[in-house]
A.B. asks: 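Can you read through this structure? Questions will come right after.
In this text, all values refer to a predicted model and were calculated from it rather than measured experimentally.
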Amino acid sequence: QVQLVESGGGLVQAGGSLRLSCAASGSISSIRTMGWYRQTPGAQRELVATITNGGSTNYADSVMGRFTISRDTAKNTVYLQMNSLKPEDTAVYYCNAKVTLYSAYGLYNYWGQGTQVTVSS
């Protein structure tokens with residue numbers, strides 16, 4: 001019903017930048033919140049940043065001041081600009097969207113397939 005397609009991951013040296021994109025499509029009535037989470041092997045998935053449909057943002061302390069989340073509501077797309085990358089930012093980054101659907105009541109939670117970000121020292 002809903003697909004989240006991510007792009008923009010890759011390999012970068014420490015101090016470099018990457019920009020992730022995530023486009024949502026499907027039978028979406030509205031998108032309440034979009035965000036990015038990340039996960040390393042053996043660890044729990046953790047929040048990186050979120051943005052509401054009103055533009056309010058929330059960041060993990062570890063990325064504050066280095067990462068910027070933004071959203072194009074017309075395109076149902078969320079971006080994550082990552083600057084001053086560190087080796088500890090290496091992870092699989094997952095896009096998340098909390099949406100309402102035309103076909104059902106309630107708020108639904110969807111995930112992208114993940115994109116690898118690797119930061120070399």
A.B. asks: Please examine the side chains of F67 and L85, heavy atoms only from C-beta on, and report whether any two atoms are closer than 4.5 Å.
C.D. replies: yes
A.B. asks: Of all heavy-atom pairs between S103 and Q1, which one has the smallest distance, and what is that distance?
C.D. replies: OG-NE2, 2.8 Å
A.B. asks: Are C95 and V78 close enough, and set up right, to give a side chain to side chain contact (heavy atoms under 4.5 Å, CB included), and what steps lead you there?
C.D. replies: CA-CA 8 Å; C95 177; V78 65; 3.9 Å; yes
A.B. asks: Should I31 and Y105 be counted in the same cluster of Ile, Leu, Val, Met, Phe, Trp and Tyr side chains packed under 4.5 Å apart?
C.D. replies: no
A.B. asks: A24 and L4: which non-hydrogen atoms are nearest, and at how many Å?
C.D. replies: CB-CD2, 3.4 Å
A.B. asks: What's the separation between atom OG1 in T115 and atom CG in L80, rounded to the nearest 0.5 Å?
C.D. replies: 11.0 Å
A.B. asks: Using side-chain heavy atoms (C-beta onward) and a distance below 4.5 Å, is M82 in contact with L20?
C.D. replies: yes
A.B. asks: Looking at S120, is its backbone amide N or carbonyl O close enough to the side chain of Q13 to form a donor-acceptor pair, meaning the two atoms are under 3.5 Å apart?
C.D. replies: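 Checked: no pair found.
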A.B. asks: Restricting to pairs with a member in residues 67-82, which pass side chain to side chain donor-acceptor pair (under 3.5 Å), not counting sequence neighbours?
C.D. replies: Q81-N83
A.B. asks: For residues T90 and Q116, determine if any side-chain heavy atom of one lies less than 4.5 Å from a side-chain heavy atom of the other.
C.D. replies: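 Side-chain contact under 4.5 Å: yes.
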A.B. asks: Show your reasoning for whether side chain to side chain contact (heavy atoms under 4.5 Å, CB included) applies to V48 and Y93.
C.D. replies: CA-CA 9 Å; V48 177; Y93 283 69; 4.0 Å; yes
A.B. asks: For residues T52 and T50, determine if any side-chain heavy atom of one lies less than 4.5 Å from a side-chain heavy atom of the other.
C.D. replies: no
A.B. asks: If you round to the nearest 0.5 Å, how far is CD1 of I51 from CE of M34?
C.D. replies: 10.0 Å
A.B. asks: For the pair T40 (side chain) and A91 (backbone), establish whether a donor and an acceptor sit closer than 3.5 Å, ignoring hydrogens and angles.
C.D. replies: no
A.B. asks: Between T100 (side chain) and S30 (backbone), is there a donor-acceptor pair under 3.5 Å?
C.D. replies: yes
A.B. asks: Test question: given the 4.5 Å side-chain rule for I, L, V, M, F, W and Y, name all other residues clustered with W111, or answer none.
C.D. replies: Y37, L47, V92, Y94
A.B. asks: Give, for atom CH2 of W36 and atom CD1 of I69, the distance between the pair rounded to the nearest 0.5 Å.
C.D. replies: 8.0 Å
A.B. asks: Looking at every non-hydrogen atom in both residues, tell me the closest pair between A14 and S121 and how far apart they are.
C.D. replies: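 Distance-wise, the nearest heavy atoms are CB-CA, 4.4 Å.
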A.B. asks: Would you say R66's side chain and S84's backbone share a donor-acceptor pair under 3.5 angstrom?
C.D. replies: yes
A.B. asks: Would you say the side chain of R38 lies within less than 4.5 Å of the side chain of D89, judging by non-hydrogen atoms?
C.D. replies: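 Answer yes - side chains close enough.
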A.B. asks: Can you list the other members of the hydrophobic cluster that holds Y102, where links are side-chain heavy atoms under 4.5 angstrom apart?
C.D. replies: none
A.B. asks: Distance from Q3 atom CD to S27 atom OG, nearest 0.5 Å?
C.D. replies: 8.5 Å
